[in-house]
Amino acid sequence: GAVVSQHPSWVICKSGTSVKIECRSLDFQATTMFWYRQFPKQSLMLMATSNEGSKATYEQGVEKDKFLINHASLTLSTLTVTSAHPEDSSFYICSASRDWVGGQPQHFGDGTRLSIL
Amino acid sequence: ILNVEQSPQSLHVQEGDSTNFTCSFPSSNFYALHWYRWETAKSPEALFVMTLNGDEKKKGRISATLNTKEGYSYLYIKGSQPEDSATYLCAYPNSGGSNYKLTFGKGTLLTVNP
């Protein structure tokens, strides 16, 4: 199997708070981890790609100082939404892959619903 | 920007019906095509990664075909069951290289009525 755990599932917090979301591959080593955001009635939009021990690669339009990604090990990546505001409210989901070229499937966490008041 | 299109956007079928839907993608510099199933309140589940033109893959009652020359893939579900109700997503990786990324279609929402 290939299990990815994502926590927390739900976060409700006040504007200005920083929120950390964890993504762990439980039974395999993930060469690459991905962070997506989904807006209502839209598809999954890639925010950034990260490899263990190196800086994340952010997609165009994604503020790297706003969305801090740390990939500390082959099984753990974190996304920190810094000084969150209501417009950051969204569904965030991570995935992990055994390869870095797209020949292997991505394995997804359950996602995090973030609501900023 | 890669264009990955899925049709139809949504589909309602009766239990026992067979159904299929389409994913179209750029046919140049093809590397792979991914299919995922995303049930409500669960995480997306990988169904297939297809790489060879003409390939057909099967998982239970679900199968997929691939035409890389014309840039489309079909997903078939035989004898649909209510538990097949989900959004089916296809995704296309950029051409193989470091730090690949998947471009997802908007999905086909399948509802199977008992």
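Below, chain A is the first sequence line, B the second, and so on; all start at residue 1.
Comparing A:Q42, A:Q104, A:Q6 by heavy-atom pairs within less than 4.5 Å of chain B, the highest count is held by A:Q104. Between chain A and the options B:A32, B:P44, B:G107, B:A41, heavy-atom pairs under 4.5 Å are most frequent for B:P44. Ranking A:H107, A:M45, A:Q38 against chain B, the residue ahead of the rest is A:Q38, based on heavy-atom pairs under 4.5 Å.
Proximity to chain A (any heavy atom under 4.5 Å) is shown, for B:W35, by neither the backbone nor the side chain. Both the backbone and the side chain of B:K106 come within contact range of chain A, judged by heavy atoms closer than 4.5 Å. Residue A:S95 does not touch chain B at all, counting heavy-atom pairs closer than 4.5 Å. Contact annotation for A:L44: both backbone and side-chain heavy atoms come within less than 4.5 Å of a heavy atom of chain B. Neither the backbone nor the side chain of B:F48 comes within contact range of chain A, judged by heavy atoms closer than 4.5 Å.
Other residues, nucleotides and ligands contribute over 12 non-hydrogen atoms within 6.0 Å of the NZ atom of B:K59.
Counting only heavy atoms from C-beta outward, the side chains of A:S9 and A:T112 never approach each other to under 4.5 Å.
A:S97 contributes a side-chain N or O that, together with a main-chain N or O of A:D99, makes up a donor-acceptor pair within less than 3.5 Å.
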| B:F21 and B:Y74: CA distance, side-chain angles, deciding distance, ring-ring contact (aromatic ring centres under 6.0 Å, His included) verdict | CA-CA 6 Å; B:F21 23 92; B:Y74 291 131; 10.0 Å; no
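A salt bridge is defined here as a Lys NZ or Arg NE, NH1 or NH2 lying under 4.0 Å from an Asp or Glu carboxylate O, and A:K66 with A:E63 fails to meet this definition. Salt-bridge check for A:E59 with B:K101: passed, with a basic side-chain N closer than 4.0 Å to an acidic carboxylate O.
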